[in-house]
Each structure stands twice: as structure tokens, then as C-alpha cells.
Amino acid sequence: MSVEKTTMTDAWIRGVVEAIHSAPNQAVLYLAGGASQALGWLMSVPGASNTVLEAVVPYSRMSFIQLLGKIPGQHCSQQTAEEMALLAYNRGLKLSSPGYPVVGVGFTGSLASSRPKFGDHRFYLSTRTSDRLSVSTVTLSKGLRTREQEDTVSSHLLLKCSPPKLLLQAIANACKVQAASVSHLTESDLSDEHETHFSEDQELEQLVDGKICFKVYPFSSETCTSTAERKIILSGSFNPLHDGHIKLLEVATSFCGSGYPCFEISAVNADKPPLSVSQIKDRIKQFEKAGKTVIISNQPYFYKKAELFPGSAFVIGADTVARLINPKYYDGDYGKMLEILDGCKRIGCTFLVGGRNVDGVFKVLEDFDIPETLKDMFVSIPADRFRIDISSTEIRKSSGL
């Protein structure tokens with residue numbers, strides 16, 4: 001490549017990466033067998049921490065198996081790339097700052113190596129966002145390039161309107177970044193791409209089925225700063241959402257000082273059938289009307305919510321405290337209760353406790369015997385700061401529902 005073309009390419013790459021870093025999207029990348037130069041490009045331009053949440057190169061066979069949680073049918077295949085992208089997307093949801101769109105990238109390649117290969121030199125790239133799955137497939141002309149050159153091809157951005165959309169182009173497309181591009185493919189190389197769009201109903205079905213771990217509806221008009229990584233979460237069924245819920249979260253947020261307040265509904269219940277898509281959407285409408293952010297997850301248990309939202313402050317009522325510290329809900333095993341709650345504590349989760357009627361008696365945190373090792377993860381919201389005795393159940397009864 002001439003010095004002039006190299007300079008032009010370097011300037012073009014830098015311009016695209018700067019545009020990606022200035023977009024609000026955050027990405028997790030799982031790359032195996034190629035596209036290594038793209039990581040260097042992303043990380044060498046200032047602002048990488050705005051975009052890259054995590055990058056993993058599962059190069060050994062065991063690393064690959066542990067990433068996928070199974071032995072893949074083929075290491076280098078479209079299906080494997082799609083599975084990697086979905087895993088990266090779910091990982092990104094857990095690591096991303098509140099309110100930021102997430103991109104999951106999966107790449108698997110079989111490029112030139114020190115030993116001749118009988119099969120094609122090829123690679124597969126997949127990206128996953130909340131509503132889109134993109135896949136690009138490239139078969140390279142065998143013997144035309146060195147390993148380094150094939151890695152460059154797998155890392156380079158091509159014309160947006162021309163296949164394939166390689167790694168940077170895929171991220172740029174997912175982040176909705178416009179960019180000119182430079183092609184390193186020849187006429188003898190083969191490429192193909194396709195894209196699948198998901199409706200909201202399909203996204204929610206995937207969530208209920210466990211394919212994606214949660215979906216955020218950022219209805220809040222409040223500005224979220226990148227430093228507000230801690231979530232302040234009020235979980236419940238919200239059937240219906242009422243002023244007591246909104247006031248409780250507001251008071252809890254004032255106690256925390258900083259954080260991203262949001263409501264959370266699990267579409268999957270511990271002892272009931274999962275919510276239908278129409279039921280989920282009906283509940284979501286309440287938050288849209290109120291201008292409050294809501295997360296739809298598929299985890300009914302708090303220790304599982306803690307794994308999804310590490311470092312979060314969960315806002316709960318005294319009635320929930322009664323269940324959390326009752327060994328009855330841990331197979332009657334007091335030690336198991338301590339172990340599970342200590343696990344929540346180790347990943348930085350706390351519980352902010354508001355007073356609530358329990359068996360007809362108004363109770364606050366101080367009315368419960370919290371195990372000594374767990375006391376510092378429970379924080380009381382004084383009754384003089386918050387007390388509303390009405391519940392969603394009572395509202396439904398009074399409404400004849």
C-alpha cells in the first residue's frame with residue numbers, strides 16, 4: 001500500500017472511531033480468530049471508555065466453550081457469531097451506564113495460519129442491538145493475502161452501502177454513525193450480509209423466553225450523567241402504579257444522594273405464569289404517562305436482580321424485608337439465607353426500606369431482627385419522610401378489579 005493511501009486510510013479510521021466514541025452507544029466485543037487490529041483502532045483513539053465496556057478474545061478451545069457455555073457445532077460459523085453477539089449484548093446490558101444504548105459484537109474467523117488450511121479462509125460478524133441483528137459473511141480468496149493482511153480485511157470498514165459491514169462499520173451502523181469507507185476486498189472475494197429487525201413484541205417475547213436479560217424504557221425526563229452508574233431500583237408488579245410508588249422512589253433517591261432512579265418489573269414470576277406481552281405493554285404505558293424510567297426483566301428473585309444490577313440500591317417495603325430474612329424462603333436453611341444475601345452485599349447492593357403494613361400492623365426496618373453481618377446493607381427510610389398505607393391490591397379491590 002502506498003504511503004499516500006496508508007495516510008488516507010489512517011485518517012479515515014481515526015475519523016470513524018472518533019465519531020463512534022462521540023455517539024452514546026456502549027459496546028461489548030467478543031472476537032475470535034481475527035479482527036484484532038480493530039480493537040487497537042478503537043482503543044488507541046481518545047474516548048474509548050465512552051464506547052468499549054469490555055473486549056474478550058476467547059482464543060483457546062476451552063475459553064471458547066466457557067464463553068458459549070457449550071461446545072459449538074462449528075467454531076467458525078454464522079450461528080456461532082450470532083450467539084457471541086447475543087452474549088455480548090446481554091453482557092453489555094449489565095455493564096452499561098443507565099439509559100445508554102448497547103451494542104453486542106460477535107466475530108469468529110478462520111484466517112490464514114502457519115499451516116495450510118483445507119477449508120475456506122472466512123469470517124462471520126454479527127452485531128446485536130435491542131431491535132436489530134446484523135450478520136456479515138466473507139469468504140476471502142485463498143493464498144492472496146498474508147495472515148496480517150486478512151486480519152486487516154476483517155478489521156476494516158467498508159462502504160456503508162456495500163457488503164460486508166465489517167467490525168467498525170457494524171459498530172458505526174449500530175451507533176448510527178455515518179462514514180465514508182475504504183474497501184480491501186477484491187472481485188474474487190465473496191461477501192454477504194443480512195439484517196433482522198425485531199418489533200417491540202418480539203423483544204419482549206425474547207425477554208420472557210430468557211434470550212435477553214432486560215429491556216430499559218428510559219421515559220424519565222431527568223438528565224442522566226455518565227457518572228450515575230448506580231441504579232436506585234423500586235421493583236414491583238405496579239398493577240397499578242400509584243403516587244405512593246413514585247413518592248417512595250423520590251424519597252429513596254434523595255437518601256442516596258446520586259444515582260439513576262428507575263422502576264423494575266419482572267415479566268417472570270416465582271409462583272405464577274409469566275406476564276403476557278400485552279400485560280407487559282399495558283404496565284409500561286403507566287410509566288410512559290408518568291414520565292418515569294422502567295426496566296422489564298425476567299428475574300423475580302432479589303439475589304438474581306442483584307446479579308443483573310450490581311452495585312444498585314433496591315427500594316423495598318418492610319413486608320419484603322420480612323420475606324428476605326425469613327429462612328422459610330431459603331428451603332428453611334438459615335445459612336443459605338445468609339450466604340445468598342451476603343452475595344448481594346459483596347457486589348455492592350443495598351436495600352432502602354420504607355415502612356409498610358405487615359399483617360395489619362405498620363412496621364419499619366427497626367422492627368426486624370436483621371442478622372449482624374447484614375445490618376449495614378439495610379438502610380431505613382424514616383416514617384416521617386415516607387408513609388403511605390395504600391397498596392396496589394387495595395386500589396384494585398376498590399376499583400372492582
Side-chain angles (χ1 to χ4, degrees), residues 24-28 69 79 82-106 126-135 174 176 194-220 224 231 233-242 245-246 249 260-302 304-309 312 314 392 396 401:
N25 301 69
Q26 298 183 321
V28 168
Q79 179 180 341
E82 291 181 8
E83 290 174 356
M84 293 170 74
L86 182 59
L87 287 168
Y89 175 69
N90 278 309
R91 177 68 172 162
L93 287 174
K94 297 175 184 179
L95 298 178
S96 63
S97 298
Y100 282 71
V102 171
V103 182
V105 180
S126 180
T127 60
R128 173 65 199 250
T129 63
S130 63
D131 63 351
R132 184 182 309 172
L133 173 67
S134 300
V135 182
K176 297 180 173 60
H194 70 268
E195 193 168 80
T196 302
H197 290 263
F198 305 115
S199 66
E200 182 183 11
D201 285 15
Q202 289 173 317
E203 290 179 61
L204 293 174
E205 287 169 358
Q206 291 173 7
L207 188 148
V208 172
D209 292 341
K211 293 179 181 177
I212 59 175
C213 56
F214 63 84
K215 179 174 174 59
V216 181
Y217 288 85
F219 295 133
S220 176
C224 173
K231 296 181 180 73
I233 302 173
L234 176 54
S235 299
S237 59
F238 305 111
N239 185 28
L241 173 70
H242 57 71
H245 294 136
I246 294 172
L249 186 56
Y260 186 78
C262 49
F263 296 88
E264 184 262 343
I265 299 173
S266 175
V268 177
N269 294 293
D271 51 8
K272 299 178 184 177
L275 297 177
S276 66
V277 168
S278 61
Q279 287 175 317
I280 297 170
K281 292 174 76 172
D282 284 343
R283 303 215 186 156
I284 290 169
K285 289 176 185 176
Q286 302 176 105
F287 296 93
E288 183 176 21
K289 184 177 179 180
K292 301 297 180 182
T293 293
V294 63
I295 299 172
I296 309 300
S297 82
N298 52 21
Q299 295 297 345
Y301 299 109
F302 272 102
K304 288 294 186 180
K305 296 180 195 291
E307 293 173 3
L308 278 185
F309 313 113
S312 294
F314 290 96
S392 295
R396 288 198 303 273
L401 300 176

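Sequential numbering from 1 along the given sequence is applied to the chain's residues.
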Test ring pair (Phe, Tyr, Trp, His ring centres under 6.0 Å) on F263 and H245 and set out the steps. CA-CA 9 Å; F263 296 88; H245 294 136; 7.2 Å; no
May I have the step-by-step check of side chain to side chain donor-acceptor pair (under 3.5 Å) for Q206 and Q202, ending in yes or no? CA-CA 6 Å; Q206 291 173 7; Q202 289 173 317; over 6 Å; no
Would K305 and I233 count as a side chain to side chain contact (heavy atoms under 4.5 Å, CB included) here? Give the steps. CA-CA 10 Å; K305 296 180 195 291; I233 302 173; over 6 Å; no
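Taking 4.5 Å as the limit, some side-chain heavy atom of N90 sits within range of a side-chain heavy atom of L86. At a threshold of 4.5 Å between non-hydrogen side-chain atoms, the residues V102 and Y100 do not count as touching. In this structure, L308 and K94 have side chains that are in contact, with non-hydrogen atoms separated by less than 4.5 Å. Side-chain contact check for K292 versus L249: every heavy-atom pair is 4.5 Å or farther apart. With contacts defined as side-chain heavy-atom distances shorter than 4.5 Å, the pair D282/K285 qualifies. Taking 4.5 Å as the limit, some side-chain heavy atom of V103 sits within range of a side-chain heavy atom of V105. For the pair Q286 and V294, the minimum side-chain heavy-atom distance is 4.5 Å or more.
For T293 against P261, the heavy-atom pair with the smallest separation is CB-O, 4.3 Å. In terms of heavy atoms, A270 sits closest to P300 at N-CB, 3.7 Å. Taking each heavy atom of G106 and M84 in turn, the nearest pair found is CA-CB, 3.8 Å. Across all non-hydrogen atoms, the minimal contact from I280 to A267 is CD1-CB, 3.6 Å. Considering all non-hydrogen atoms of both residues, S130 and F198 come closest at O-CD1, 4.3 Å. Across L241 and A290, no two heavy atoms sit closer than the pair CD2-CB, 4.2 Å.
A salt bridge links E307 with K304; the closest basic N to acidic carboxylate O contact falls under 4.0 Å.
The CD1 atom of I296 sits 12.0 Å away from the NZ atom of K281 when rounded to the nearest 0.5 Å. Between atom CG of residue L234 and atom SG of residue C262 there is a gap of 9.5 Å, rounded to the nearest 0.5 Å. Atoms CD and OG, on E205 and S276 in that order, are 10.5 Å from each other to the nearest 0.5 Å. Atom OG of S278 and atom CG of D201 lie 8.5 Å apart (nearest 0.5 Å). A distance of 6.5 Å separates NE2 in H194 from CG in L133, rounded to the nearest 0.5 Å. Here S266 contributes atom OG and F302 contributes atom CZ; the two are 10.5 Å apart, rounded to the nearest 0.5 Å.
Residue L275 is tested with N298, N239, I265 for a side-chain contact (heavy atoms from CB on, under 4.5 Å); the sole match is I265.
Donor-acceptor pairing under 3.5 Å is recorded for the side chains of E195 and S134.
Of the possible polar contacts, one joining the Q26 side chain to the S97 backbone as a donor-acceptor pair under 3.5 Å is found. Side-chain atoms of R283 come within 3.5 Å of backbone atoms of S237 as a donor-acceptor pair (strictly under, hydrogens ignored).
Screening residues 209-219 for side-chain hydrogen bond (donor to acceptor under 3.5 Å, both in side chains) gives E200-Y217, E203-K215 as the qualifying pairs, with residues at least two apart or on separate chains.
Relative ring orientation between F238 and F287 is described as perpendicular, the plane-to-plane angle rising above 60° on a 0-90° scale split at 30° and 60°.
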